[in-house]
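To start, the structure under review is shown below, and the notes come after it.
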2 protein chains.
Amino acid sequence: MTQAQALVRQPATSRSREISARCSACSMHQICLPMGLEEKDMDRLDQIIGRRRKIARDSHLYRVGDPFTNLYAIRLGHFKTHQVNPSGDQQVTGFQMAGELLGMDAISTERHHCDAIALEDSEVCEIPFSRLEGLFGEMPQLLHHFHRMMSQEITREQSVMLLLGNMRAEQRFAAFLTNLSSRYSIRGYSSTSFQLRMTREEIGNYLGLTIESISRLLSKFKKRGWIKVSNRDLELLEPVTLKAVAAGTQTCA
Amino acid sequence: MTQAQALVRQPATSRSREISARCSACSMHQICLPMGLEEKDMDRLDQIIGRRRKIARDSHLYRVGDPFTNLYAIRLGHFKTHQVNPSGDQQVTGFQMAGELLGMDAISTERHHCDAIALEDSEVCEIPFSRLEGLFGEMPQLLHHFHRMMSQEITREQSVMLLLGNMRAEQRFAAFLTNLSSRYSIRGYSSTSFQLRMTREEIGNYLGLTIESISRLLSKFKKRGWIKVSNRDLELLEPVTLKAVAAGTQTCA
DNA sequence: CGCGCCCTTGACTGAGTTCAACGGACGTGG
DNA sequence: CCACGTCCGTTGAACTCAGTCAAGGGCGCG
């Protein structure tokens, strides 16, 4: 029996889901929700995961006010989340990449508090929250890691508060680049060479700056020889300097 | 047998803890972690809660880098939390009051990421996190509410990001006052008349403004007849207007 | 080719900071 | 009880960083 035949003979429920869609086969499982689970537990998690959904670039994963039923684990691609205040202006609250969890802010009110939008064609795993809660009682490891992920989100947001509340423009931008760099590094990508998936405007909004300021900062950093930019392609030539600027140890002047 | 005698005759373990220290007898139990629990479950939660600790004004509940063992529920008083960045400047990340939970940002790394400091003489319940996790398996209601509280913290921080990223000074300050007002209201206190427990400097730091700006804003709002101020005593004379300013529907000009 | 979107750059503006001086509340000690 | 120092807050004047406004460039796509 060939491998192809073996695949064909699997029951329909298995065939309808690609093998690569299982947590254990996903390249993100060391970072994502199933981190640290044994094979057996990972399978149980797999069983509750609803669908793997494709989200086209610029389309919404969810919107403010949508009822909360699922968390979403990003398998592939990038997202942004933004809030809208009563007078209509937006604040980008984060950029998320593969292995990160979306929707945790909706647990408290069972409604989403922000919009989540794909920055490129992306793929997510739908995790029905009530079923996930059902697993927690029997899988303390899963629960513990879930708490770590929520806690990490709190920590992340606190550091953005520090950024928005205390830092000057160039410090903010250096911190932003440094943050992206380390997150790509964790995922096994280059920490010095990557693409910006978001527009200058989205970066500016996230950092509490205008698009013009971001543009000027890119030019300034380029002139200093700290980075190389061409459209959305970015190379960090002086990552150590950038880290120092982000930390406030060094300035641009 | 008199009541006094009855108290004396109670076993030492009971005597060492005041009756009012039990969750079911605490005025915050409708807001705090035990929200919605039945008497029996509340007792179980009580049993794992370590101590009720008094924290003197200006002293630390925990510091950045302290190992994480407990969450803290505020029974009485007010706290602030702040982060410190590498170059030494601080960012106040929140002001907490009775019924709120402190320390959730430490779960991810098992180290505290910020300092928590009492703004006045306060009291907290020490909740050993590992024992709390032990209860989760058997008390899904408790777990669910814990998730709601973490999620609420994420939401709260997102709205601060919106504030710091998008709002003008007067809008920030109006949002701050409105937020305090509604939190006091939930706790059964006056929503229009309360004391500021923090200095102008702490408010400014939290809102990404200087102490001078806060002082000027107080004067401005007073001149407009929106508030009455005398040192730390505050009265909101036009709460509706303040809400509108916070929402960006109305300006001060 | 032409249109739209995204980005860059320059000149000017202004909200909020910085600097500085002062005032008032509170606690301590003579 | 007053003198003194400290901490906290207020107010004014000058400055500055980032925003606003405006014009133009470059790239992709129909």
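Just so it is clear, the structure is predicted and the values come from calculations on it, not from any experiment. In the text below, chain A, chain B and the rest are named by the order of the sequence lines, each starting its count at 1.
A close approach under 4.0 Å does not occur between any side-chain nitrogen or oxygen of A:Ser213 and OP1 or OP2 of D:dA18. For D:dA18, the OP1/OP2 oxygens have a side-chain nitrogen or oxygen of A:Arg168 closer than 4.0 Å. Put simply, A:Arg200 has no side-chain N or O that comes within less than 4.0 Å of OP1 or OP2 on C:dC6. OP1 or OP2 of D:dT11 lies within a sub-4.0 Å distance of a side-chain N or O belonging to B:Ser219. OP1 or OP2 of C:dT17 sits under 4.0 Å from a side-chain N or O of B:Thr210.
In this structure, A:Tyr72 has its ring center at least 6.0 angstrom away from the ring center of A:Phe79.
Candidate nucleotides C:dT17, D:dA18, C:dA25 were compared by shortest atom distance to the side chain of B:Asn231, and C:dA25 ranks first. Closest approach to the B:Arg232 side chain among D:dC8, D:dT20, D:dG19 is made by D:dC8 (side chain taken as heavy atoms from C-beta onward). Considering only the side chain of B:Leu218, D:dT10 comes nearest among D:dT11, D:dT10, D:dA18. The side chain of A:Thr199 lies closest to C:dC7, out of C:dC7, C:dT17, C:dT8. Out of D:dT10, D:dA18, D:dT20, the shortest distance to the side chain of A:Ala169 is found at D:dA18. Comparing C:dT8, D:dG12, C:dT9 by their closest approach to the side chain of A:Ile211 singles out C:dT8.
Taking atom CD1 of residue B:Ile203 and atom P of nucleotide C:dG16, one finds them 17 Å apart after rounding to whole Å. Residue B:Arg216 contributes atom CZ, which lies 11 Å from atom P of D:dA13 at whole-angstrom precision. The CG-C1' distance, from A:Leu196 to C:dT8, rounds to 16 Å in whole Å. Residue B:Asn205 contributes atom CG, which lies 13 Å from atom P of D:dG9 at whole-angstrom precision. As a whole-Å value, the separation of A:Asn166 CG from C:dT18 P is 11 Å. Remark: P of D:dC8 and CE of B:Met198 are 14 Å apart, rounded to the nearest angstrom. The CD-P distance, from A:Gln171 to D:dA18, rounds to 10 Å in whole Å. For A:Leu164 and D:dA18, the CG to P distance is 13 Å, given to the nearest whole Å.
Between A:Glu100 and A:Arg187 a salt bridge is recorded (basic side-chain N to carboxylate O distance below 4.0 Å). At a threshold of 4.0 Å, the pair A:Glu123-A:Lys54 counts as salt-bridged, since one of the basic side-chain nitrogens sits closer than that to a carboxylate oxygen.
Within 4.0 Å of B:Gly204, counting heavy atoms only, lies no atom of the nucleic acid at all. Using a 4.0 Å heavy-atom criterion, one finds that A:Ile214 contacts no nucleic acid atom at all.
The aromatic rings of B:His112 and B:Phe68 lie perpendicular to each other, with more than 60° between the two planes, well past the 30° mark.
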Please step through side-chain contact (heavy atoms from CB on, under 4.5 Å) for the pair A:Leu61 and A:Arg53, ending with a clear verdict.
CA-CA 9 Å; A:Leu61 176 58; A:Arg53 268 175 64 190; 4.3 Å; yes
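Of the two residues near DNA chain D, B:Glu212 and A:Met167, the one whose nearest nucleotide lies more 5' is B:Glu212.
Side-chain polar atoms of A:Ser159 and B:Gln83 form no donor-acceptor pair below 3.5 angstrom.
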